[in-house]
2 protein chains.
Amino acid sequence: MHLFWEHGYEATSLAMLREAMGLTPPQIYNAFTDKETLFRKALTRYHQTEIGFALDALSAPVSTREAIRRLLMGAAEAYSRPGKPGGCLFVSGALAASPQAQAIADELKAYRKGSEAAIAERLAKGQAMGDLPEGLSVDGFAKYLAGVMNGMSIQARDGASVEELRILAQTALAALPGQGQNQGASSKE
Amino acid sequence: MHLFWEHGYEATSLAMLREAMGLTPPQIYNAFTDKETLFRKALTRYHQTEIGFALDALSAPVSTREAIRRLLMGAAEAYSRPGKPGGCLFVSGALAASPQAQAIADELKAYRKGSEAAIAERLAKGQAMGDLPEGLSVDGFAKYLAGVMNGMSIQARDGASVEELRILAQTALAALPGQGQNQGASSKE
DNA sequence: AATTTTTCATAGCGATCGATACGAAACCTG
DNA sequence: CAGGTTTCGTATCGATCGCTATGAAAAATT
């Protein structure tokens, strides 16, 4: 999982996986069928072990604003964990791919779209509860938040620290409707 | 350039380049030395022809807020041009790479860092002119804006339309300090 | 026009890709 | 302990990678 996370699907060779797992090629293929299946297993494992913060944040019994804050702050941490590759596997795994790996790229795209849909769902709930203005476009704002998280993933990959990502998240939160004054990116935090 | 933009550096094979350019292998190597040099030529061409909006926006004699607005709106257009691959080559070109292509990944990272630095420079100028509060962290806000643009690049790659990207940009602008009320993501736009 | 020089496309180089055939070692059964 | 079966590591498969040597066609010079 770490190798796919770091180098992406195609750039991770079986030789690297073999060495990392300490397995012989037939053992790998007996256990995982082929490289594509192994990658999909890594995806589900990543989803379960590394980004639980997202589901936690979106399902917590807190205000919509607090839920979004937890979502972005969780991303800041998850994307810059020490000892882990920077960013999000769903972004780094196969943003660009050869025609042969189009299926993998599409699957990762589906994961990203799923995240955005989950955000939109939470926003719609918040709007129904009166946390958000009625005039707000839930889908548009979800696309903004998903975009910010994707951007954080790239910033993390470029070496941004958890503090820098937190400031970025805090800045992004200032775009939330109903904010009287900007709170993010202050040098006094 | 389009091939590298679409598939990334490593996933673009010489066979694809050969067919697209209508050249034989020796012609390619006579003209561009090797694949890496060809990619770097594509990078500089991309920089000159596709993302002039950024330099235009940052150097225009307008308010800081207007400059940032032009920057994000320019990105919305540039990342979703019809007939062009979605997103930004500097992001898609080699976000994840094999160890052999680390030099390419580092070069793209340098381009991204350069963009962020250019934004920070413009923000610092704006702060000196009184456009931005003194307490604002220029670097932190630049990281936010660069992150939003990177996120827009991924959203574009996932099929976001220019309108959706404009709404995203408008939403991101609401995080600008000194904004009384949120203007973005309204369903009435 | 004959000959030399240059240009250039084909064919193939070594290396590596993902994936597997095959022989040896280990293990259970008689 | 012998025989039969399973397990498993090595060695290698065909395909493709980036790249280049070589022979034929074209151009330039006598």
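Quick note on labels: first sequence line is chain A, next is B, and so on, each numbered from 1.
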Euclidean distance, A:Asp158 CG relative to B:Leu95 CG, rounded to 0.5 Å: 8.0 Å
Using distance only, find each side-chain donor-acceptor pair of residues 53-62 of chain B under 3.5 Å and give its atom names and separation, not counting sequence neighbours.
{"unit_1": "B:Ser59", "atom_1": "OG", "unit_2": "B:Leu55", "atom_2": "O", "d": "2.7"}

Whole-Å gap separating [atom2] ([N]) and [atom1] ([X]):
X       : N      : atom1 : atom2 : result
A:Arg18 : D:dT12 : CZ    : P     : 15 Å
B:Glu19 : C:dA9  : CD    : C1'   : 17 Å
B:Gln27 : C:dT10 : CD    : C1'   : 12 Å
B:Phe32 : D:dC19 : CZ    : P     : 13 Å
A:Asn30 : C:dA21 : CG    : P     : 12 Å
B:Leu23 : C:dA9  : CG    : C1'   : 12 Å

Quick one: does A:Gln102's side chain have a donor or acceptor within less than 3.5 Å of a partner on A:Ala97's backbone? no
For the ring pair A:Phe32 and A:Phe39, is the centre-to-centre distance below 6.0 Å? no
Axial bend angle, the helix from C:dA1-D:dT30 to C:dG30-D:dC1: five-pair end segments, nearest 10°: 20°
Do the charged groups of A:Glu116 and A:Lys113 touch, with an N to O distance under 4.0 Å? no
Taking only Lys NZ, Arg NE, NH1 and NH2, and the carboxylate oxygens of Asp or Glu, determine whether B:Glu50 and B:Arg81 approach each other closer than 4.0 Å. yes
Can you pull every protein N or O that's under 3.5 Å from an N or O on nucleotides 12-18 of chain C?
{"unit_1": "C:dG18", "atom_1": "OP1", "unit_2": "A:Thr12", "atom_2": "O", "d": "3.3"}
{"unit_1": "C:dG18", "atom_1": "OP1", "unit_2": "A:Lys35", "atom_2": "NZ", "d": "2.7"}
{"unit_1": "C:dG18", "atom_1": "OP2", "unit_2": "A:Leu14", "atom_2": "N", "d": "2.8"}

With a 4.5 Å cut-off on side-chain heavy atoms, are B:Ile119 and B:Met149 touching? yes
Side chains of B:Gln27 and B:Thr24 only: does a donor on one sit below 3.5 Å from an acceptor on the other? yes
